[in-house]
Amino acid sequence: MNLTSKPLAVIIFIILFGGISFSTAMGWWATESTKEPVTFTEGEFAGQYNPADIRGSYTFGDVENSFGIPSVILAQAFSIETDNPAAFAVKSLEEIYAASEFEIGTASVRLFVAFYNGLPIDLSTDMYLPENAAVLLKKRTLTPEQITYLEAHTVPNPTASSASDSPEPAPAQETESAPEAVTTPSASTTESSTERLVKGKTTFQEVLDWGVSQEIIEQVMGAPMPNPLTKIKDYCNEKGLEFETIKTALQVEVDKVK
Amino acid sequence: MKIFGKQLFRPRSIWIRRVVQWFFFLFIALISVNHTLVESGGGIPFLSTASLHALCPFGGVVTIYQYATVGTFVQKIHESAFVLMIVGFVLAFLFGPVFCGWVCPLGTVQEWVSKLGKKFFKRKFNHFVPAKLDNILRYLRYVVLAWVVYVTATSGTLIFAEYDPYFALFNFWSSEVAVGGLVILGVTLLLSLFVERPWCKYACPYGAVLGITNLFRVFQIRRVESTCKADGACSIMCPMNIPVDSVKTVRDHQCISCLECTSEAICPVAKTVVFNAGGIK
Ligand code: SF4
Ligand code: SF4
């Protein structure tokens, strides 16, 4: 049997669009994923959703559906100001944090979800979280390993200019609008300088700005002051100093300046 | 055209194929634009908004391994790609790689650029690569196929999207496009000035998969030796440089079922090169 071009053209259309129609009728035609992550197949968490499978196309709402973490919390963790946090697509984070030195994106959400829900996640690669997320996580139960990882992988919250698509909320507003808001205020310089509280994120520069001299700082530390942009807590960890003690002592000095 | 039963004018090419190619090019382009529009809040009503990954039959191929072992799709690949893969196989089993010759917009774009090349280089066009080298290079696409399947299976992500010129062609305006894909697309289009369908011949992993069906497809390109004038027109016309005039049945893994070699197009003798199932009596 010979076939010529015109019948062939018709057959191509019939098979192609017929196949699509048939699969649609059978419910097989899906051009989007179901937004349901795979589950752990073995171990203690078998059957639970695996945060490592969260994809860029998921919205915060999809993450909420699978992992039970409210979209508002996710929005708060990543400083997303929107009326509808559930509709925020995870992949948009990269744009918002484009100015960040370390990548904040889908991997960050996976990390956040895993730590938030106490689920296992591979920590052999570097994933970063903004400060707001770290603050929220520190209120959860974390293992010492997770705490160390978190401290080494926390980056500043986006600045208002870098978050032009979804402008970052002012930390104060954030505290009002979100029910589980951060109780310790964010480390944005202006705010910290008005509050003058020595915290985990405070740098030596901030203490200098509050009027405490380098000499006094060095006295309190009992060691020379490093690069002023170093976080005091990081420096304490590095030198094996007790941060809580140093923090209290420095706070006394800061309060004296007032 | 026939007058008093005599063939006066024979089209030199399969025009309906060009129409079908245009249709799919515009169709895919529109869907892709729509996908971008929808992401930014707009969109054309009644038109699919799917991402191109969802509409690529090759996506179905690369996800087979993961689907069989873990039961999930590779990232960005959805059921629709699986459906299209099956449809593509059905078509190829019956007619060979008609997807390449009639549907694939990347093949179409290469043909458009090649028209310019033909104008510049006349008969030299599509004959720049020395035959020996060409014969070896034609198997390169199987290497690409093996690599794509391997990296996809081991990573679970669509690594090929970073290099895919087809995706780049319809997404060059969006932030989703990868530089690698754009570069490969640019090189492909440039080479199309010298060679017909360079990407299809040497690199396309999906063309490689479909090409295998040339060995056993139901409808084959067959040449009737008794009426053949041996003028070699079919071989000269073949975009894939297949020596149609020296075989009875084309089983070359590179045939794209374009029908340009047949008596409906270039072959001057009626019913001599035909698209046939079941053999010639
Ligand atoms: S070989 Fe690949 S690029 Fe060429 S037409 Fe076929 S699928 Fe398209
Ligand atoms: S052999 Fe004929 S049908 Fe196959 S690619 Fe060449 S011209 Fe097209």
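In what follows, every chain begins at residue 1, and chains take the letters A, B, ... in the order their sequences are listed. Keep in mind it's a predicted model, so treat the numbers as computed, not measured.
Between chain A and the options B/L84, B/L94, B/I86, the largest number of non-hydrogen pairs under 4.5 Å is found for B/L84.
Heavy atoms only, all atoms of each residue included: A/T4 and B/L259 are closest at C-CD1, 4.4 Å. Residues A/S23 and B/V83 share a closest heavy-atom pair of OG-CG1, 3.4 Å.
Side-chain contact check for B/F275 versus A/P7: every heavy-atom pair is 4.5 Å or farther apart. Between A/K6 and B/W15 the shortest side-chain heavy-atom distance falls below 4.5 Å. Side-chain contact between B/F219 and A/N2 is absent, with no heavy atoms from C-beta onward closer than 4.5 Å.
Applying a 4.5 Å heavy-atom cutoff, the residues of residues 8-21 of chain A that approach chain B are A/L8, A/A9, A/I11, A/I12, A/F13, A/I15, A/L16, A/F17, A/G19, A/I20.
Under a cut-off of 6.0 angstrom, the local environment of NZ in A/K138 is crowded, with over 12 non-hydrogen atoms contributed by other residues, nucleotides or ligands.
In this structure, B/E260 CD and A/S5 OG are separated by 9.0 Å, a value rounded to the nearest 0.5 Å.
For B/V19, no part lies under 4.5 angstrom from a heavy atom of chain A.
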